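First up is the structure itself, then whatever we jot down about it.
Atoms within each ligand, like the ligands themselves, are counted from 1 in listed order. These numbers were taken from a predicted model, which means no experiment stands behind them. Numbers for residues simply follow the sequence, beginning at 1.
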Amino acid sequence: MNNDQILIVDDSTQMRDFLAKVVLGPEGFSIELARNGAEGLEIALEVNPALIITDYAMPDLTGLEMVEELRKAGRNIPTILITAEGSEDIAVQALRAGVMDYFVKPFDPLALLNAINRILKAAKVGSIQLGVPDQRRMQALNTLIAVGKSVTALHDLETILGQVLEGAIYLCGAEEGSIMLVDHETDELYVHVSKNLQEGLINHRLLVQDSLAGRVVSSRQPLLVNTDKMERIHTGHLVKSLLYVPLQIGDQVIGILDIHNRMSDSPISRQDVGIIAALADYAAIAITNARLIYDINSAYTRLDATLSGLTTPFFILDSNRQLLLCNKASYICFDNLGDEDDPTGRNLSDISSNKSLISLIDCVERGETFIGEVPIADRTYIMHVSPSEHIGMAVMMQDVTHYKERDREKSELILTVSHQVRSPLTAILSYIEFLNKTGNLNVNQLEFSYQVRRNVQLITDTINGLLDLGRIEAGVTQLREPVSVAGVARYAVEALKGEVASRGLSLDMKVEEHISEMLGDSAQLRQVFVNLVENAIKYTPSGGKISVAVEEREHQIIAQVSDTGIGIDPKDQPRIFDKFYRAKGVAAKGYQGTGLGLSIVKTIVEEHGGRIWVESVLGSGTTFTIIFPVAEAS
Ligand code: ADP
């Protein structure tokens, strides 16, 4: 049992109770308590305890100030400091003030007891000089602080590793050393930085499997060897003492900090292993940082080279539409930019006044990947906007001016041919009608004339569709009058009510009140809804449901036509707005059509400054969504 007197100075009742009743009481110490630094000073001067345990942060007088006052009064009482934060500055100040040890909360009570017993024993036999700073611990701390600052300041790797190695050699009083790294490809250790190492050893490579250093890599434990004669240990060279400490990141050993003595007889102390391990941790962090920075830089360089080589415009926006990355080719999109300006980091709305581009980006915020046409100067681009997770969106553009021109020529040709074919087709239809009137036809003749009429009707529908499309594409009417989208949607629903009922379907119409008008051609806009509702009727089996909805949100009119029909395969979805494109298998299943309805719809919508897209699940149904801009108040 111990009956030394210990003074506990702490402003926390809990801490005082814990130390007195749980940690020190059971050991038999005689305990004095003080609630703050001033009281601690008074009691210490009065009772002259064998040891003081003091908190650092206390009102009025800190633990360190109390120690200073005692020293001034000529009392060098062994003191242990307890701090709340592990600040290196406080640790250095404490050691300077002659504090024997310090603990950071939360601490291990057993470690505290060990320290108390060690200090009391040393004080009794006079093996410590009370009140005199512990030089070795000061040196160790100063070295750790300096290296720590280099690592956090992200100095270059060689500087940091040089500092680590020098610090380790200096602290252990060793002669030489090196930092070896593991080459994972060859499973060898090679010297990355060295100090005072013999020439021949610098380029020496050690096999991980077959060397003492390699054993440290596998065991992940430091290794200390002290002998009194020169020994050729597995390193291949003669040493008297040697310390290997693994450089470790997580479970992986990336290298070894090695220090040794060849000449000196003084052994490397076991007590130094802890501090050298801390230095090795800094080295490992610095190496990992350097590797990460290298990886990031090379990834960025590769990305930059790839983007610069890309002749099509490409850029990435964050969710606030700030430009994160772009290539030179994309500068054509940013018309509010000076010649010298770098658009990166700027907001899209500040650097671009292109309404089509901005409205497409508005659309992607509602859906998935979006593709649309954007005119820039006298050229036309197809713009692909894809949301990219956690970042924003990626935008890729392709110049399609040439294809547009070819497409226009093709359309003209089709228009001319269509006109030419129309008259003979009308003649065929008329003859078929007259055939019925020339006398009674037998069953076969009736069936054949029906088939001729049906097929001629399909050709006529196709030609009418093509002519419609040609007119719309050429902007022949270009009528722009205030139109109520709700009104045109209602018109389509009314016109097709009979067909809906005869096909055994139900139709639900939801139109918000007071929807603003838009500028447009009411006949064309009626056609949009008629085509969409007709498709919904055609592709929805009996018993299904069709819904038409119109609402207004943030200066945009949003219309939707949904059905519970056969749906569209995701593979077909990107192409259904193309001329003549019909989903695989619809013709075989007997759904008659020309593949022109949706091209007409899309052309009209885009001519009106709107956007259309489809969402569909095969076998469950389809929704077409259209967004139109509201007419300006003027
Ligand atoms: P079609 O005359 O073939 O109906 P459209 O241009 O109107 O031509 O539509 C193109 C294709 O898109 C159709 O052939 C069909 O495969 C698909 N489609 C259009 N609307 C729907 C819908 N509501 N449900 C399922 N598929 C549809």
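Taking a cut-off of under 4.0 Å to the non-hydrogen atoms of G597, the atoms of ligand 1 that pass are 5 (P), 6 (O), 7 (O). Listed by number with element, the atoms of ligand 1 under 4.0 Å from a non-hydrogen atom of K538 are 1 (P), 2 (O), 4 (O). Residue-ligand proximity, I568 to ligand 1, at heavy-atom distances under 4.0 Å covers atoms 18 (N), 25 (C), 26 (N), 27 (C). The atoms of ligand 1 that sit less than 4.0 Å from any heavy atom of T622 are 24 (N), 25 (C). Each of the following atoms of ligand 1 lies closer than 4.0 Å to a heavy atom of V586: 14 (O), 16 (O). Near L596, the atoms of ligand 1 lying under 4.0 angstrom from a non-hydrogen atom of the residue are 6 (O), 8 (O).
Sorted by first and then second residue, the ring pair (Phe, Tyr, Trp, His ring centres under 6.0 Å) pairs involving residues 432-459 (not counting sequence neighbours) form an empty list.
A tilted orientation is assigned to the rings of Y591 and Y539, their planes being inclined by 30° to 60°. Between H192 and Y190, the ring-plane angle classifies as perpendicular under the 30° and 60° cut-offs.
Electrostatic pairing of R575 and D572 does not count as a salt bridge here, judged by no charged N lying under 4.0 Å from a carboxylate O.
Under a 4.0 Å heavy-atom criterion, E534 is not in contact with ligand 1.
Summarising the geometry, atom CD belonging to Q560 is positioned 9.0 Å from atom CD1 belonging to I627; distances are rounded to the nearest 0.5 Å.
Backbone and side-chain nitrogen or oxygen atoms of Y539 are examined, and one is located within less than 3.5 angstrom of a nitrogen or oxygen of ligand 1.
The heavy atom nearest to atom 11 (C) of ligand 1, considering only Y581, F577, F624, Y591, is found in Y581. The heavy atom nearest to atom 16 (O) of ligand 1, out of those in A583, G595, G567, is found in A583. The option from D563, D461, L598 that lies nearest to atom 5 (P) of ligand 1, judged by heavy atoms, is L598.
Looking only at heavy atoms of the protein, atom 12 (O) of ligand 1 is closest to I576 CG2, 3.4 Å.
At distances below 3.5 Å, not a single donor-acceptor pair connects side-chain atoms of Q445 with backbone N or O atoms of E447.
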